[in-house]
Structure formats: structure tokens, C-alpha cells
Chemist: 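Let me give you the structure first, and then I'll get to my questions.
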Amino acid sequence: MKISVIGLGYLGAVHAASMAKLGHDVVGVDVDPARVDALAAGKAPFFEPGLDDLLTEVAATGRLTVSTDPAAVDGAQVHFVCVGTPQRADSNAADLTYVDAAIEGLAPHLHPGEVVVGKSTVPVGTAARLAGVVGDAEPGAVLAWNPEFLREGFAVQDTLSPDRIVYGVPDGEPGEQAAAVLDAVYAVPLAEGVPRIVTDYPTAELVKVAANSFLATKISFINAMAELCEVAGGDVTRLADAIGHDARIGRRFLNAGLGFGGGCLPKDIRAFKARADELGAGEAVSFLGEVDAINTRRRTRMVELATEVLGGWVEGAEVTVLGAAFKPDSDDVRDSPALDVAARLAELGAVVTVHDPQAIDNARAKQPSLHYERDLEAALAGADAVLVLTEWKQYKDLDPERVGALVAQRTVLDGRNALSRTDWTDAGWEYRALGRR
Ligand SMILES: NC(=O)c1ccc[n+]([C@@H]2O[C@H](COP(=O)([O-])OP(=O)(O)OC[C@H]3O[C@@H](n4cnc5c(N)ncnc54)[C@H](O)[C@@H]3O)[C@@H](O)[C@H]2O)c1
Ligand SMILES: O=c1ccn([C@@H]2O[C@H](COP(=O)(O)OP(=O)(O)O[C@H]3O[C@H](CO)[C@@H](O)[C@H](O)[C@H]3O)[C@@H](O)[C@H]2O)c(=O)[nH]1
């Protein structure tokens, strides 16, 4: 099948390459020439494990082409819309400018029988509105909403083998036609038994924000328990292990620490709450305000803890921050808790050196005044305190003795509960963590 993918970011680039791997002829379109040039050269425009290999594999088939020209989508039977829906600058609501522009750009190229498929995360009600725009442009075309659940760092495997596939479609024959076309697009994962849920537009849109709200709530729940552990002398990692044995609760997404960041969970829970307020149902999800507040407090607590271990005086202290990405195995620094803490410590006068295996260029673009060091040992040299704020494997594997020989003071703050306290204290380190004694 001939497919177009509009928007080649963290979602769209992986989707385009994965659709080509599934055997489709794919044309990807983006307004950003840098992303298009990288993909045209067979290179991932950002760091995502497995994406370079996938691009090399599909390049050999000739099934993926990319362009900055919106007209390149002409002739595709299915058009996936994968553009960004960031938080608006003036409110917590989602900025739909890019989605609206993508649909407007696509409209003149639509033909009868084609299916426009929204994958971006949007406020409930958006699909119904856009169905009108698509129908006005080409009455024979249909809109479907097919939310995406991939995680950065696992994007390729999550796209090729998703937990579930959800389509929101209109009633009647157009909906049946759209679902049949999507079944053909996803024939390989569906044949492998991936569950498929076909529903209406609002349910499909709500499934996406409900899933992210649940995940954010789970993280903030354990971080609220971490706050209690801090004042009562408990250990939140033992607590998480213990409650996680209950299969109804489960241990996944119960890692306490610096909290959630990235281009999805923070802005999605805020946009969901803003949309619920517009619909007069704000009370139903008012808890999301608390989820957000608990999450933000973790960053403040980390700054306080750093100040405490530095003897109450941050100014002039040499602080090494390990991690700038919002999570390991990603170069994404959107709403990164690690980078936020680094910037706050620098504002307080600390001399902050940031290391990250992949995210330094993105971090520098966002926080140009911080000092960045690509060499891990050089970053650690002379530190008064080491803060592990993103749990990259190379940080978890650090040898406390070897690091101890590099730093000025053996003080480590484990912002992700990722290190072995015993290993570090045995090597003479003062070890402090969020939510643990
Ligand atoms: N990143 C993820 O892990 C993930 C997972 C699931 C869902 N989502 C959702 O997917 C959407 C995209 O997220 P992302 O992280 O890929 O964002 P992104 O910012 O990395 O990518 C968006 C891309 O769209 C391009 N774009 C903007 N306007 C365009 C237009 N008119 N025509 C063509 N291209 C255009 C941008 O240049 C950019 O490359 C968001 O709604 C997000 O919430 C993201
Ligand atoms: O136990 C945990 C798990 C995660 N995190 C943090 O939560 C954030 C988000 O992590 P994760 O959900 O793994 O990353 P994303 O790539 O942002 O993926 C989320 O957001 C995507 C975009 O909507 C969805 O598609 C995914 O299903 C959803 O997991 C990161 O800062 C993590 O450090 C924790 O603090 N504790």
C-alpha cells in the first residue's frame, strides 16, 4: 500500500520507517529540511535505539522516500498525521496549530477513497472537527484517529509490536472502510495477535490521554510515598517492591525519583485537564493538577537536597550533573527533570557541568549557559557533588572507587534510585537519594 507520513519527528520518523519495513511504499514529509536531509541520507535525525539500523534496512528496499514538499503525498491511499501538539505558550492547553496546518496542506491532495489517519495526541473533540475539514476538501475521503503509544528509547519495537492498536472511526460505511484500510496497513502485527480496538473518535482520543494520565498518576503516587518516606524514615524502593508484588498494582512505573518529563506525559495531563475544564468536567480530572504538583516538587526537593549536602551554600560549588535527557536511551530534553535541576542549581550560583551520552547538543540548545562535557571522567573531575539525574546504564555501572579518585568530595545524589547504596557507601561516599534514608 502507498502511505504518506506527515511530520517526521520522534513519532513520525519511526512510524514511516516501520511502515516501510512492514512492506508499504512510504513517503515522509516534514517542514524541517534538517530532519528530511538526515532521513534522505538514511540517518536518524535524533537518537533512537535501532532506528539507524531500520533506516539502513529499508533504504535497501527503496520503499521509503522523504520530502519537504507537501505535494509529495499525492497518490498515497493512507495519510498519517504525526505532527507535534505541544503545550501552548499562553495556557496549559494543546497547541493545535501544526495539526491544523498539516490537514490544510494535505486537503488539496486528497482523492476519493483515501484515509487520513491522525496519530498525534489531541484533545477530545479534535477528530470530529477535523473530519469536517477533510469532508469539505474531499467528500470521498475519510478521517480516522489512531493514537500512538510508543515509548522513546523503545520506539521501533513498540511500533512494530505494539501492545494494542486503536482506531477511532465514524459510524457506518465510511468507518468500516477506514477500519478495513487500517487493517491492511497493520496486517503484520494484527496477524501476530496484537489486540485491535475499533471505536468512535472521542473514545480513541480519550484512550490516549487516559493511558498517559494513568502512567503519570502511578509515578506521582510513588513519588508522594517518597515524600512520606523522607519525613518518616522509610525506603520508597523497598515500599515499591513490596506493593508491586501485588499483581493488581504491579512494579512497573513505580520507580520513585525525580519524576516524569519529556514531550508527552507533562503536556498531555495539562492539556487533558484544560480540555476537561472547557467541557465543564474539570472536577473529574482535578487530581491531575495534584499529579503535576507532586511531580514538580521532586525537582525542588532535589535542589534542596543538593544544597543540604553542599553545607547549605551552593554558590561556587562544583556540581556534576549526570544526565540531561528526560530518560535514558533518548536524546530528548523536552521538559527534562535533569536539565531543569541543573539549570536551577546554576541559577543559585553552582558551577554546573552536565554530561549525557546523547543529549548534549539538544541540552546546549535549550540551556546554553551551562557547561557541558562529553568525556565522563573529565565531567566528574573535581566535583564537590555528583548528581545522577538520568539513569543511563553507564552511570549505573560506574565504579565508586574509580570515580572517588576523580572527585573533590565523595558525595553522590541518586535522583533516580538507580545506584547501589551499599556499593557507594562502602567506598566511602556520602550517598543520598530521593525517598530513601
Ligand atoms: N514522542 C513520542 O514518544 C510520542 C509517542 C506517542 C505520541 N506522540 C504524539 O505524537 C505527536 C508528535 O510528537 P513528536 O514527539 O514526534 O514531535 P516532534 O516535535 O519530534 O515532531 C513533529 C514533527 O512535525 C513536523 N511538522 C510540523 N508541522 C508540519 C507540517 N505542517 N507538515 C509536515 N511536518 C510538520 C516538525 O517539523 C517535526 O519534525 C505529538 O502529538 C505527541 O504528543 C509522541
Ligand atoms: O517508574 C517510572 C517510569 C518513568 N518515569 C519517568 O517518566 C517519564 C516518561 O517515561 P516513559 O513513559 O517511559 O517515556 P515516554 O517516551 O515519554 O512515553 C510516554 O509517553 C508517550 C507519548 O505519549 C506514550 O506513547 C508512552 O506510552 C508513554 O509511556 C520519564 O521522565 C521517566 O524518567 C519515572 O519517573 N518513573
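Every number for a ligand or one of its atoms is a count from 1 in the order of the listing. Here, residue 1 is the first one in the sequence, and each next residue gets the next number.
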Chemist: In terms of atom number and element, which parts of ligand 1 are under 4.0 angstrom from non-hydrogen atoms of T85?
Modeler: 40 (C), 41 (O), 43 (O)
Chemist: Taking only heavy atoms of I6, which atoms of ligand 1 are found under 4.0 Å from at least one of them?
Modeler: 32 (N), 33 (C)
Chemist: Nearest heavy atom to atom 4 (C) of ligand 2 wins, so pick from I222, D268, I219, D332.
Modeler: I219
Chemist: Using a 6.0 Å distance limit plus a 45 degree cone around the ring axis, check whether R151 lies over the aromatic ring of F154.
Modeler: yes
Chemist: Need the ligand 1 atom indices (1-based, order shown) with element for anything under 4.0 Å from a heavy-atom of C264.
Modeler: 2 (C), 4 (C), 44 (C)
Chemist: So which heavy atom in the protein is nearest atom 27 (O) of ligand 2, and how far is it from that ligand atom?
Modeler: F149 O, 2.8 Å
Chemist: Please determine which of V117, D183, V115, I197 meets the side-chain contact (heavy atoms from CB on, under 4.5 Å) test together with Y167.
Modeler: D183
Chemist: For ligand 2, note which part of R252 has a heavy atom under 4.0 Å away: side chain, backbone, both or neither.
Modeler: neither
Chemist: Of all the atoms in ligand 1, which lie at a distance below 4.0 Å from a heavy atom belonging to G7?
Modeler: 24 (O), 25 (C), 33 (C), 34 (N)
Chemist: Counting heavy atoms only, which part of L258 comes closer than 4.0 Å to ligand 2: side chain, backbone, both or neither?
Modeler: neither
Chemist: Could you tell me, atom by atom, which parts of ligand 1 come under 4.0 Å of a heavy atom of C82?
Modeler: 12 (C)
Chemist: Where's the contact between D332 and ligand 1, heavy-atom distance under 4.0 Å: side chain, backbone, both or neither?
Modeler: neither
Chemist: Quick one: are the ring centres of H355 and Y372 less than 6.0 Å apart?
Modeler: no
Chemist: Name the option, out of V14, L96, V209, L11, that contains the heavy atom nearest to atom 14 (P) of ligand 1.
Modeler: L11
Chemist: Between the candidates K327, R151, E152, which shows the shortest non-hydrogen contact distance to atom 14 (O) of ligand 2?
Modeler: K327
Chemist: Do any nitrogen or oxygen atoms of D268 come within less than 3.5 Å of a nitrogen or oxygen of ligand 1?
Modeler: no
Chemist: With V26, which of V78, T65, L64, V66 fulfils side-chain contact (heavy atoms from CB on, under 4.5 Å)?
Modeler: L64
Chemist: Compute both the distance and the angle, then confirm whether R334 meets the cation-pi test with F326: under 6.0 Å from the six-membered ring centre, within 45 degrees of the axis.
Modeler: no
Chemist: For Y10, is at least one N or O under 3.5 Å away from an N or O on ligand 1?
Modeler: yes
Chemist: With backbone taken as N, CA, C and O and side chain as the heavy atoms from C-beta onward, which portion of N255 lies under 4.0 Å from ligand 2: side chain, backbone, both, or neither?
Modeler: both
Chemist: Please work out which of D158, L265, T390, N417 has its closest non-hydrogen atom nearest to atom 9 (C) of ligand 2.
Modeler: L265
Chemist: Report the member of F214, F253, F326, F260 with the shortest heavy-atom distance to atom 12 (O) of ligand 2.
Modeler: F253
Chemist: For E152, take its heavy atoms, then give the atoms of ligand 1 lying under 4.0 Å from any of them.
Modeler: 1 (N), 2 (C), 3 (O)
Chemist: Out of V83, D30, T97, who is nearest to atom 37 (O) of ligand 1 when you count heavy atoms only?
Modeler: D30
Chemist: Show me which atoms of ligand 1 lie under 4.0 Å from any heavy atom of D32.
Modeler: 37 (O)
Chemist: Classify the contact between R416 and ligand 2 as side chain, backbone, both or neither, using a heavy-atom distance cut-off of under 4.0 Å.
Modeler: side chain
Chemist: Which atoms of ligand 1 sit under 4.0 Å from any heavy atom of V29?
Modeler: 33 (C), 34 (N)
Chemist: At the 4.0 Å heavy-atom cut-off, does C264 count as touching ligand 2?
Modeler: yes
Chemist: Do any heavy atoms of G257 fall under 4.0 Å from ligand 2?
Modeler: no
